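Okay, structure first, notes after.
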Amino acid sequence: MMGPAAMLLLLLLLFPVASAAGSRTLVFILAGQSNMGGRGGATNGTWDGVVPPQCAPSPRILRLSPALRWEEAREPLHAGIDLHNVLGVGPGMPFAHAVLHSHVLPPDTVVGLVPCAQGATPIANWSRGTELYERMLTRTRAALAECGGQGKLAALLWYQGEADTIRREDAELYTGRMETFVRDVRRDLAMPDLLVIQVGLATGQGKFIKLVREAQKGVKLPNVKYVDAKGLPIANDYTHLTTPAQVQLGKMLAKSYLATL
Ligand SMILES: *[C@@H]1O[C@H](CO)[C@@H](O)[C@H](O)[C@H]1NC(C)=O
Ligand SMILES: *[C@@H]1O[C@H](CO)[C@@H](O)[C@H](O)[C@H]1NC(C)=O
């Protein structure tokens, strides 16, 4: 006969507590341009290195490295991904913290972030077959494979469109291009209902910001949520969200995600 202590020991040996991505890893794709890549504290030529508590590393927050392995996530989250740019704080870490603090999810939940953003890219750079699109799909598939079949792709977080405010034509074509992008991603990942949360522009690289914002709101596909960044604090470059703004945006994205559960 086996005593309760021995039984517990046996159970622990048979079912080790997952230390990294294992059971219950919620995987999120982070894609778009610089404000998703993160420029908080990094608009001055160098990053100021300020990491607020809402962006601190945690054993329950992983990122898929450029070499396609899970590792503990830390700022700047897009290091090695958003190339040739000075990187700072983005919305990914505060998003993950806010999701984990919600208490809606089981306590052993791990958040796996898949950074894919690249600064200054118009949506045409993300259409099916482009380098950025294929990299995003490759990274997403690798992320799920690295979960050993226990991970779940929870959502695509999308903050992009500033580069589409330069030419009127791009602004006018934005709704159609975004809808095609979402349909392609869902088809290629065989997830027809994949949740997409798009961020309404706070700034733009050109003058057609209003047109692109309207185009974003015009996306009428099911399971596409909209979180508005307009009004959040912007750095001196008039383009990038500050670190406090990114913390706020991360929380807003988490709220939008949690409302779908
Ligand atoms: C940017 O750099 C200038 C000069 O070095 C400094 O005075 C300013 O505080 C910096 N701004 C930020 C947001 O770091
Ligand atoms: C974006 O698209 C342009 C035009 O096709 C191309 O020259 C450029 O390399 C692309 N940028 C990225 C980052 O894919």
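Residues: numbered from 1 along the sequence shown. Given the structure is predicted, the values throughout are model-derived calculations rather than measurements. When reading the values below, keep in mind they use all heavy atoms of this one structure, side chains included, and skip hydrogens, waters and symmetry mates. One-based numbering, in listed order, for ligands and for the atoms of each.
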By ring pair (Phe, Tyr, Trp, His ring centres under 6.0 Å), Tyr133 pairs with (sequence neighbours left out) none
Practice prompt. Could you tell me whether the side chains of Thr203 and His240 share a donor-acceptor contact shorter than 3.5 Å?
Written response: no
Sorted by chain and number, sequence neighbours left out, side-chain contact (heavy atoms from CB on, under 4.5 Å) with Gln216 holds for Tyr174, Gln198, Leu201, Val212, Arg213, Tyr226
Taking atom types as modelled and ignoring hydrogens, do the side chains of Gln54 and Gln248 form a donor-acceptor contact shorter than 3.5 angstrom?
-> no
Item to complete: May I ask you to decide if Ser65's main-chain N or O and Arg139's side chain share a donor-acceptor pair within less than 3.5 Å?
Response: yes
With sequence neighbours left out, the residues meeting salt bridge (Lys or Arg N to Asp or Glu O under 4.0 Å) with Arg187 are Asp184
What are the polar N/O contacts of ligand 2 with the protein below 3.5 Å, with distances?
from	atom 1	to	atom 2	distance (Å)
ligand 2	2 (O)	Asn125	OD1	3.2
ligand 2	2 (O)	Asn125	ND2	2.5
ligand 2	11 (N)	Asn125	ND2	2.7
ligand 2	14 (O)	Asn125	ND2	3.0

